[in-house]
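Here's the structure we're looking at; comments come further down.
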Amino acid sequence: MSTSSHVPSGIQASRAAAVWRDRLSLLLESTGEGVYGIDTDGLCTFINRAGAHMLGHEPEAVLGRNMHELMHHTDAEGGHYPVDCCPIYNAFRAGVPCRIDSEVLWRSDGTSFASEYSSYPILDGGQVLGAVVTFVDISERREQATRLKRAHDELEHRVAERTQALSQALSQLRELQAHIDGVRETERQRIAREIHDELGSLLVGLKMDVSWLEKRVADQPALHCKCQDMRGLIDGAVDNVGRIITDLRPSILDHQGLWPTLEWQAQDFMDSSELRCRWSMEIAPGLNAPEGPLATAVFRIFQEMLSNVARHAQATEVEIRICAMPSDLTVRVKDNGRGAPPSTFNSPHAYGVMGMRERAGHFGGWLHIDSQMGKGTQVILSMPLYQQAFAQAATQARAA
């Protein structure tokens, strides 16, 4: 028979309770958080050493004290904190647990610290006997959060500054590109005019002289044949000069406007490419064509779109759609060629595509390219015409 069988049950229960009290005390003392209990009057019934030291007291000095008056009497702004508003007391008054991380607790020396605390009611058969409160100093965590927020705000500010600087740089770059395009077009126009006036006149004069000479040597077959060959070469030179002048700056754009120019360019492409083409052009009634740099930008982009089809697409069929409304102008070129991956059009070396996008972006427009390998390519240009419509309305108002 074991020795324990001779010990009365009451003594065994007392020993077990003492063991559990010792273990509970050991658990409370081992934790770094502050833990204390209060009765229904708000008086401290127990507190662990970490909690007492966090408040600047010895545990024995806290027992029996009103904990709200001891450490929770003042809010973070320095104002009086009424006990009726204390969430800790609601735990045993209303049986409502709480967890708060936005308040401060006060030490014995009159200093405060940011705290996170939890309060849970102690229940016995449905009756509230008090509450158990755990609390921890989160001053360092709060300071780290403040530093992190400050660093984040500073980073946001720097990003905003860099973004603004990049935006300004991009705007300046577009303005510079637009200026370069304008200068280039002016120079093309000047060169085309000089070629027409100077070289064209010389070729015409040379052709007249050859014709005069041809009549004078009609009785000399060898010289007469040579003059005919020379006249053929001069005719070819005149044609080439005309083509060069048109490539530099088609006179139809300056003399007849954008709509006839786009139609002429599309027809010239269909004649020279020998591809099956479906072509349509819809212009809103009474809509005047854009003029100046906007007209030039639309024409050059359209010219580049068709040029890319001829050079790269390896297509057999092309669809060209131009639609002009008072709000915007849309140009769509779709082919059934070999297509290309998106990286081709987004490459930093795709200067033609970048040039088209920059021209469109300068006037508030956009260029969209949809292409799949083996399924062709579709390029859509959209240019706003609001400013053109406003200018047209203002002109009509002044005329009235």
Side-chain angles (χ1 to χ4, degrees), residues 170 173-174 177-178 180-181 184-185 243 246-247 250 252-253 258-284 287 289-290 293-386 388:
L170 178 59
L173 181 61
R174 282 184 169 173
Q177 184 61 46
I180 293 174
D181 290 339
R184 184 185 294 117
E185 289 296 332
R243 178 183 55 79
T246 301
D247 290 342
I252 186 175
L253 182 60
L258 181 60
W259 306 145
T261 303
L262 295 179
E263 185 174 359
W264 164 80
Q265 183 65 55
Q267 189 62 50
D268 182 71
F269 171 79
M270 289 187 287
D271 294 340
S272 60
S273 66
E274 298 182 351
L275 300 177
R276 294 193 304 272
C277 294
R278 289 181 291 170
W279 148 260
S280 68
M281 186 171 183
E282 300 178 11
I283 308 297
L287 180 63
L294 177 57
T296 301
V298 172
F299 168 69
R300 290 303 183 189
I301 295 174
F302 183 54
Q303 193 178 46
E304 183 72 15
M305 292 163 71
L306 297 180
S307 176
N308 287 340
V309 174
R311 288 183 297 173
H312 306 299
Q314 298 181 4
T316 59
E317 184 175 321
V318 179
E319 180 182 357
I320 303 172
R321 296 285 183 267
I322 300 176
C323 180
M325 296 290 113
S327 59
D328 55 27
L329 167 66
T330 303
V331 180
R332 182 165 65 96
V333 176
K334 182 179 181 181
D335 66 70
N336 66 344
R338 61 179 182 175
S343 58
T344 301
F345 304 102
N346 297 322
S347 168
H349 303 293
Y351 300 114
V353 174
M354 284 193 293
M356 289 191 292
R357 284 175 171 157
E358 284 301 317
R359 281 183 183 268
H362 178 71
F363 294 96
W366 51 266
L367 186 83
H368 174 72
I369 302 176
D370 182 16
S371 183
Q372 297 182 19
M373 294 296 296
K375 296 183 179 180
T377 301
Q378 177 176 254
V379 183
I380 301 176
L381 167 68
S382 178
M383 297 288 271
L385 298 181
Y386 294 111
Q388 182 75 18

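Numbers here are sequence positions counted from 1. From a predicted model like this one, the values you see are computed outputs, not experimental measurements.
Partners of Glu263 by salt bridge (charged side-chain N to carboxylate O under 4.0 Å, His left out), not counting sequence neighbours: none found. Looking at residues two or more places apart in sequence or on another chain, you find a side chain to side chain donor-acceptor pair (under 3.5 Å) between Ser307 and Arg311. Judged as a salt bridge (charged side-chain N to carboxylate O under 4.0 Å, His left out), and not counting sequence neighbours, the contacts of Asp247 are Arg243. Residues forming a salt bridge (charged side-chain N to carboxylate O under 4.0 Å, His left out) with Arg338 (at least two apart in sequence, or on another chain): none.
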side-chain contact (heavy atoms from CB on, under 4.5 Å) between Arg276 and Thr316, worked out:
CA-CA 6 Å; Arg276 294 193 304 272; Thr316 59; 3.7 Å; yes
Step by step, work out the side-chain contact (heavy atoms from CB on, under 4.5 Å) result for Val353 and Val379.
CA-CA 10 Å; Val353 174; Val379 183; over 6 Å; no
Kindly indicate, with the supporting measurements, whether the criterion side-chain contact (heavy atoms from CB on, under 4.5 Å) is fulfilled by Trp279 and Ile322.
CA-CA 8 Å; Trp279 148 260; Ile322 300 176; 3.7 Å; yes
Stepwise, does the side-chain contact (heavy atoms from CB on, under 4.5 Å) test hold for Val333 with Asn308?
CA-CA 10 Å; Val333 176; Asn308 287 340; over 6 Å; no
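Contact detail for Val331 and Phe302: the closest heavy-atom pair is CG1-CD1, 3.6 Å. In terms of heavy atoms, Leu294 sits closest to Pro384 at CD2-O, 4.4 Å.
Each salt bridge (Lys or Arg N to Asp or Glu O under 4.0 Å) pair with one or both residues in residues 344-359, not counting sequence neighbours, appears once here: Arg174-Glu358, Asp181-Arg359.
Distance CG/Leu262 to CD1/Ile252: 9.5 Å, rounded to 0.5 Å. The line from CE of Met305 to CG of Asp335 is 10.5 Å long, rounded to the nearest 0.5 Å.
Annotation: side chain of Gln378 is not in contact with side chain of Glu319 (no heavy-atom distance under 4.5 Å).
Side chain of Asp328 to main chain of Ser382: no donor-acceptor pair is present (N/O by atom type, distance under 3.5 Å, no hydrogens or angles). Side chain of Arg321 to backbone of Arg278: a donor-acceptor contact under 3.5 angstrom is found.
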Scan the side chains in residues 265-273 for donor-acceptor partners under 3.5 Å anywhere in the protein, sequence neighbours excluded, and list what turns up.
residue	atom	partner	partner atom	Å
Gln267	NE2	Asp271	OD1	3.1
Ser272	OG	Asp268	O	2.9
Ser272	OG	Phe269	O	3.3
Ser273	OG	Phe269	O	2.7
Ser273	OG	Leu275	N	3.4

